[in-house]
Amino acid sequence: MDDSFHVYDTTLRDGAQREGISYSVADKLTVARLLDELGVGFIEGGWPGALPKDTEFFRRARTELDLRHAQLVAFGATRKPGVAAHEDTQVRALLDAQTPVVTLVAKSDVRHVTRALRTTLEENLAMVRDTVAFLVGEGRRVFLDCEHFFDGYAADRDYGVRVLEAAFAGGADVGVLCDTNGGMLPMGVGRVVAEVRERTGVRLGIHCQDDTACAVANTLAAVEAGATHAQCTANGYGERTGNADLFPVVASLVTKMGLDVLPPGCLGESVRVSHALAEIANIAPNTHQAYVGSSSFAHKAGLHASAIKVSPDLYNHMDPALVGNDMRILVTEMAGRASIELKGRELGVDVAGRRGRRPCRRAGQGPGKRRLVVRGRRCLLRAAAARRARRGRRPALPAGVLPRHRGAPRRRQRGQRGHRDRARQGAAAARRR
């Protein structure tokens, strides 16, 4: 793959911040291998020096990982205020990880610089510039995550841009605009990315949290506005409500926006990789997850099935096989003839050719439901009533009378006079048979 677009995965760092996930070092190595099989360009492995587990991961990765597509990335912060970059222990730990790429996180919101970091605006810019320059001088490629960029841009349109300029003055390759609080909507993301790109002319990336359930849409909006680096996590794992989901983002970029962001043949591994990563995280796969969920291409309504019988693309937005998924037809009380015919075809049974034998219109189990059959409806219901009568549960019903829902009112319907007499006669006939 060329360097024109970056698919950057941060499952092992940002995704691991999801409540309930705790990766071992062995888990992290397995996750990295699976992400490489999907074809992502960069795998952020963690924060060496801050977490012993992450330090151990990078040590073992040097000998145990043989990545074909991805480059491993170490994540960390800029130098501390008042400390030289080459003397900062956290910065030295990034070098010790021996990864070709380092991603730095820096404050780009004035309020966070003065109130959380407790330093001056100028010192923060120097911290960014010095740390980037030091790492570049040591032969590392550097990306800068501008934390809280969108909130900061709303409060001060200039300071975040100055942070980007300081990073690129030090030699950074990409400036990543982060919606850290996850409160942005697609139209706002697209507008800000376009403005910043026009003002700076530098290469921009995007990192979105999912607090408004818009992380995937926000990421695509940023790409449309000019971002060429997208940070995601597998299955949307992450802090609070999660991050932009890697699988819908990549699938949309490839199938909807025409961007070849993965190596040939890798997109078809999406379902397998997604479910394998869920297994490692000990989280059940989301059956309704876009593109890769088992229900993503499942059709329940009879109206849908009748159109799918003519052509599957009438109710599928794409060929499920492109992401390694498949279409399913569900047979429930909403099913019609086409649903049952397609389900039969799926099971290798030719139902459509059985003329004169109509599938029943209701299916399921429980009170008031009738079993799914591929036989004449009335005769089967009468046979079922006779079987119940033989078991002593309920009298059989004569021809032309269907079972009454057990919750229905007991008032006598027109045309059903003598119901009890006919029921007794039917029961007697059933016993003689």
Side-chain angles (χ1 to χ4, degrees), residues 5-19 21 35 38 40-44 73 75 103-109 112 143-155 160-161 163-164 174-197 202-254 256-257 259 261-262 270 274 277 286 289-292:
F5 194 95
H6 297 168
V7 176
Y8 182 108
D9 181 88
T10 179
T11 302
L12 294 177
R13 201 270 308 172
D14 217 356
Q17 294 176 192
R18 170 172 168 149
E19 183 179 9
I21 289 182
L35 292 169
L38 183 66
V40 303
F42 299 90
I43 299 173
E44 189 176 274
V73 182
F75 177 90
T103 294
L104 293 173
V105 60
K107 303 294 186 184
S108 60
D109 184 338
H112 279 264
F143 303 152
L144 183 77
D145 281 1
C146 296
E147 190 182 39
H148 298 282
F149 186 89
F150 291 93
D151 293 334
Y153 193 82
V161 172
V163 172
L164 284 170
V174 179
V176 183
L177 312 186
C178 299
D179 181 21
T180 310
N181 286 347
M184 294 296 292
L185 296 177
M187 46 281 202
V189 169
R191 176 182 56 80
V192 172
V193 171
E195 286 182 10
V196 173
R197 184 183 179 214
V202 300
R203 183 170 189 176
L204 299 178
I206 185 68
H207 176 113
C208 295
Q209 300 293 131
D210 200 35
D211 296 74
T212 58
C214 290
V216 171
N218 287 345
T219 301
L220 298 177
V223 172
E224 187 177 37
T228 57
H229 170 113
Q231 296 191 0
C232 309
T233 63
N235 300 325
Y237 299 153
E239 189 88 21
R240 303 186 308 277
T241 58
N243 290 45
D245 189 342
L246 171 68
F247 300 103
V249 167
V250 168
S252 295
L253 290 173
V254 174
K256 308 300 183 183
M257 300 177 70
L259 300 175
V261 299
L262 293 181
S270 297
S274 170
L277 293 174
N286 179 1
Q289 185 177 358
Y291 290 97
V292 296

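Basis for what follows: all heavy atoms, side chains included, without hydrogens, waters or symmetry-related copies.
Aromatic ring pairs are classed by plane angle as parallel below 30°, tilted from 30° to 60° and perpendicular above 60°; the pair F42 and F143 is perpendicular.
Side-chain contact annotation: Y291 with S274, donor-acceptor N/O pair under 3.5 Å absent. No donor-acceptor contact under 3.5 angstrom links the side chains of N243 and Q231, judged on distance only. Counted by atom type alone, T241 and D210 present zero donor-acceptor pairs between their side chains at under 3.5 Å.
Remark: the backbone N or O of G15 is not paired with any side-chain donor or acceptor of T233 at under 3.5 angstrom. Judged purely by atom type and a 3.5 angstrom limit, R13 has no side-chain atom pairing as donor or acceptor with the backbone of F75. With Q209 contributing its side chain and G242 its backbone, the two residues share a donor-acceptor pair below 3.5 Å.
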Side-chain atoms of residues 188-196: list all donor-acceptor pairs with protein atoms under 3.5 Å, sequence neighbours left out, distances to 0.1 Å.
| from | atom 1 | to | atom 2 | distance (Å) |
| --- | --- | --- | --- | --- |
| E195 | OE1 | Y153 | OH | 2.8 |
| E195 | OE1 | R157 | NH2 | 3.3 |

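Considering every non-hydrogen atom in both P186 and A221, the closest pair reads O-CB, 3.6 Å. Summarising the geometry of V223 relative to M257, their closest heavy-atom pair is CG1-CE, 4.0 Å, with the distance given to 0.1 Å. For the residue pair C208 and N218, the shortest heavy atom distance occurs at SG-CB, 3.6 Å. C146 and L164 get closest at one heavy-atom pair: SG-CD2, 3.6 Å. Across every non-hydrogen atom of Y8 and V73, the tightest pair is OH-CG1, 3.4 Å. Of all non-hydrogen atoms in V163 and S108, the two that sit nearest each other are CG2-CA, 4.1 Å.
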Next on the checklist: side chain to side chain contact (heavy atoms under 4.5 Å, CB included) for T212 and L185? Distances and angles first, verdict last.
Outcome noted: CA-CA 7 Å; T212 58; L185 296 177; 4.1 Å; yes
Next on the checklist: Under the criterion side chain to side chain contact (heavy atoms under 4.5 Å, CB included), I'd like the reasoning laid out for L246 against V40: C-alpha separation, chi angles, the key distance, then a yes or no.
Outcome noted: CA-CA 9 Å; L246 171 68; V40 303; 4.1 Å; yes
Item to check | Evaluation steps, side chain to side chain contact (heavy atoms under 4.5 Å, CB included), between D245 and Q289 | outcome: CA-CA 9 Å; D245 189 342; Q289 185 177 358; 2.7 Å; yes
Item to check | Derivation of the side chain to side chain contact (heavy atoms under 4.5 Å, CB included) call for D151 and T180 | outcome: CA-CA 8 Å; D151 293 334; T180 310; over 6 Å; no
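Summarising the geometry, atom OG belonging to S252 is positioned 11.0 Å from atom CG belonging to L259; distances are rounded to the nearest 0.5 Å. Note that the CG atom of L144 and the SG atom of C178 stand 8.5 Å from one another [nearest 0.5 Å]. With values rounded to the nearest 0.5 angstrom, N181 atom CG is found 6.0 Å from R240 atom CZ. Here the CG-CG distance, from N286 to N235, works out to 8.0 Å after rounding to the nearest 0.5 Å. The structure places CG of L277 at 5.5 Å from CG of L35, a figure rounded to the nearest 0.5 Å.
Inter-residue side-chain proximity for E147 and D109 is flagged as unmet; no heavy-atom pair is nearer than 4.5 Å. Residues L204 and T228 have side chains not in contact (no heavy-atom distance under 4.5 Å, counting atoms from C-beta outward).
The ring of F5 has its center no closer than 6.0 angstrom to the ring center of H229.
Counting non-hydrogen atoms of neighbouring residues, nucleotides and ligands closer than 6.0 angstrom, the CZ atom of R197 reaches no more than 12 such neighbours.
Just one residue in the list D145, T10, D179, D14 forms a side chain to side chain donor-acceptor pair (under 3.5 Å) with H207, and that residue is D14.
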